Structures are given as structure tokens and as C-alpha cells.
Amino acid sequence: MKSLAKILGLILGVMIIFIIHLLVINLFPYPFNHINTVFLCLFWLVIFSGQTKILWLALPLAFLLELFSPVPFGVITSALILSLAIIGWFLFNIFTNRSLHIIFLSAFLGLLLYRVLFVLILYILNLFKGGYNLLLPEILFNIFLEIILTAGVLTFFYFLTALFMRRLNPAYIRLGKR
């Protein structure tokens with residue numbers, strides 16, 4: 001019974017994240033509709049849980065994103081999972097301090113890696129198949145907006161949760177390791 005409740009909770013969580021992502025894209029005004037809420041939620045869960053098991057949540061979310069995307073199937077999934085895995089490894093092994101600066105830097109680098117992988121995979125597919133018009137200046141400006149806004153929102157959410165949750169507050173972590 002507990003496993004059924006876990007599965008239903010995961011499905012509900014995936015659906016809530018996906019609906020929030022659709023609402024942000026469709027209802028927010030121009031610069032704020034570039035906030036990547038799927039990456040934001042998944043990366044916050046990686047930070048909060050301290051485990052990379054959250055990457056399993058990325059599979060159904062990426063699949064749902066692929067259904068509503070005009071890019072070839074698999075581009076979003078591969079870029080999202082690779083970037084979350086790499087930045088999660090960096091977060092647990094190199095950026096071990098959970099200060100606001102490190103959270104912003106890791107979110108910035110994670111989103112930058114996600115979008116670089118995304119554009120690189122699209123460019124490689126464009127070489128073989130063709131048909132995609134990649135306007136680099138427009139793509140770079142939109143990527144910059146997405147990275148800055150999403151990293152800022154993630155840092156703000158981390159700040160709010162670190163204020164109220166002892167587990168995420170770096171001051172308590174340092175006190176506990178004396």
C-alpha cells in the first residue's frame with residue numbers, strides 16, 4: 001500500500017510540475033515566461049533531497065515536454081537528464097557549500113549546460129536532416145534570459161526554504177559538524 005501511495009504521489013508531483021510549467025509559459029508576461037520551471041523544480045529537489053534519485057522524475061516530465069515541443073523527440077530529454085546528472089554531481093562533489101552564491105552558480109551552470117546541450121543536439125540534427133533555421137543571436141538572448149531568471153528564482157526559493165528549514169541552512173550544517 002505504501003508503494004502505491006508513493007507512485008500516486010510521484011504521478012501527482014509530475015503533473016503539478018508540468019501544469020505549473022505550462023501556466024508559467026502561457027500566462028506570464030514576456031521576460032518572465034522564460035522561467036524554466038521544470039528545471040527549477042527538479043534542481044531544487046536535487047538540492048533539497050541530497051540525492052540524484054530525483055533524476056527519475058525527469059523522465060516523465062521530459063516525456064511530457066517532448067509531446068508539446070516542435071523539436072525532434074529525445075532532444076529535450078537527453079539534454080535535461082544529462083545536465084541534471086552533471087550539475088548534480090558537481091553539486092555533491094565540488095560545490096559542497098550550500099550558500100546562496102553556490103546555488104546561483106550551480107543553477108546558472110546547470111541551465112547553461114542544458115541549453116548548450118540542447119542547441120548542440122539540434123545543430124547536429126540540423127546537419128543530418130536539415131529544415132531547422134537556427135537564429136543564433138535570438139537563441140542566445142533567450143537562453144540568457146532563461147538562465148538569469150531561472151537561476152534568480154531558484155536562489156530566491158532556496159533562500160526562503162533555508163530560512164525555515166534547518167536542514168538547508170549552512171549555519172546549522174557548520175554547527176553540527178564541530
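What you are looking at is a predicted structure, and each value in this text was computed from that prediction instead of being measured.
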Next on the checklist: If the condition is ring pair (Phe, Tyr, Trp, His ring centres under 6.0 Å), which residues does Phe108 pass it with, not counting sequence neighbours?
Outcome noted: none
Checklist entry - Looking only at heavy atoms, which two atoms of Ile35 and Thr150 are closest? And how far apart? => result CA-OG1, 3.5 Å
Item to check | Chi angles and distances behind the side chain to side chain contact (heavy atoms under 4.5 Å, CB included) call for Val24, Phe32 | outcome: CA-CA 8 Å; Val24 165; Phe32 300 108; over 6 Å; no
Checklist entry - About how many Å separate CG of Asn36 and CG of Leu145, when rounded to the nearest 0.5 Å? => result 13.0 Å
Checklist entry - Are Ile94 and Trp89 close enough, and set up right, to give a side chain to side chain contact (heavy atoms under 4.5 Å, CB included), and what steps lead you there? => result CA-CA 8 Å; Ile94 296 174; Trp89 182 84; 3.7 Å; yes
Item to check | Side chain proximity check, Val116 to Ile143, heavy atoms < 4.5 angstrom | outcome: no
Checklist entry - For the residue pair Leu149 and Pro31, what are the closest heavy atoms and their distance? => result CD1-O, 2.6 Å
Checklist entry - Looking only at heavy atoms, what is the nearest atom pair of Asn97 and Ile102, with distance? => result O-CG2, 3.0 Å
Next on the checklist: Side-chain heavy atoms nearer than 4.5 Å, only ILVMFWY residues, links allowed to pass through others: does that put Leu59 and Leu57 together?
Outcome noted: no
Item to check | Audit row: Ile121, Ser78, side chain to side chain contact (heavy atoms under 4.5 Å, CB included) steps and yes/no | outcome: CA-CA 9 Å; Ile121 293 170; Ser78 57; 3.3 Å; yes
Next on the checklist: If I take atom CD1 from residue Ile147 and atom CG from residue Leu113, how far apart are they, to the nearest 0.5 angstrom?
Outcome noted: 10.0 Å
Item to check | Ala107: side-chain contact (heavy atoms from CB on, under 4.5 Å) partners, not counting sequence neighbours | outcome: Phe43, Ala151, Leu154
Checklist outcome for this item: CG of Leu55 to CG of Leu42, rounded to nearest 0.5 Å, is 8.0 Å
Checklist entry - Any side-chain heavy-atom pair from Ile76 and Tyr114 closer than 4.5 angstrom? => result yes
Next on the checklist: Please give the remaining members of the hydrophobic cluster of Ile25, linking ILVMFWY side chains under 4.5 Å, ordered by chain and number.
Outcome noted: none
Next on the checklist: Once side-chain contact (heavy atoms from CB on, under 4.5 Å) is applied, do any residues pair with Ile124, and if so which ones, sequence neighbours excluded?
Outcome noted: Leu120, Phe128
Checklist outcome for this item: Note: Thr77 and Ala62 closest approach over all heavy atoms is OG1-CB, 3.4 Å
Checklist entry - Does Trp44 belong to the same Ile/Leu/Val/Met/Phe/Trp/Tyr cluster as Leu163, with side-chain heavy atoms less than 4.5 Å apart forming each link? => result yes
Item to check | Non-hydrogen side-chain atoms of Thr161 and Phe48 separated by less than 4.5 Å | outcome: no
Checklist entry - What pairs with Leu105 under side-chain contact (heavy atoms from CB on, under 4.5 Å), at least two apart in sequence or on another chain? => result Phe95, Leu109
Next on the checklist: Going by ring pair (Phe, Tyr, Trp, His ring centres under 6.0 Å), name the residues that satisfy it together with His34, two or more places apart in sequence or in a different chain.
Outcome noted: Tyr30
Next on the checklist: Going by ring pair (Phe, Tyr, Trp, His ring centres under 6.0 Å), name the residues that satisfy it together with Phe159, two or more places apart in sequence or in a different chain.
Outcome noted: none
Item to check | Separation between CG of Leu84 and CG of Leu111, rounded to the nearest 0.5 Å | outcome: 9.0 Å
Next on the checklist: For the CD1 atom of Ile81 and the CG atom of Leu117, what is their distance to the nearest 0.5 Å?
Outcome noted: 12.0 Å
Next on the checklist: Counting only heavy atoms from other residues, nucleotides and ligands, does the tally under 6.0 Å from CZ of Phe156 exceed 12?
Outcome noted: no
Checklist entry - Which residues satisfy the side-chain contact (heavy atoms from CB on, under 4.5 Å) test with Leu67, sequence neighbours excluded? => result Phe63, Leu64
Checklist entry - More than 12 non-hydrogen atoms from neighbouring residues, nucleotides or ligands closer than 6.0 Å to CZ on Phe157, yes or no? => result no
Next on the checklist: If you define the side chain from C-beta out and look only at heavy atoms, does anything of Pro72 sit under 4.5 Å from Leu122?
Outcome noted: yes
Checklist outcome for this item: Here the salt bridge (charged side-chain N to carboxylate O under 4.0 Å, His left out) pairs for residues 63-76, sequence neighbours left out, are none
Next on the checklist: Ignoring hydrogens, what is the shortest heavy-atom contact between Ser83 and Phe39? Give both atom names and the distance.
Outcome noted: OG-CE1, 3.8 Å
Please tabulate, one pair per line, all N/O donor-acceptor pairs under 3.5 Å involving side-chain atoms of residues 11-21, not counting sequence neighbours.
residue : atom : partner : partner atom : Å
His21   : ND1  : Thr37   : OG1          : 2.8

Checklist entry - Which value, rounded to the nearest 0.5 Å, describes the distance between Leu45 atom CG and Ile54 atom CD1? => result 5.0 Å
Next on the checklist: Tell me which pairs pass salt bridge (charged side-chain N to carboxylate O under 4.0 Å, His left out) where either residue lies in residues 138-149, with sequence neighbours left out.
Outcome noted: Arg115-Glu146
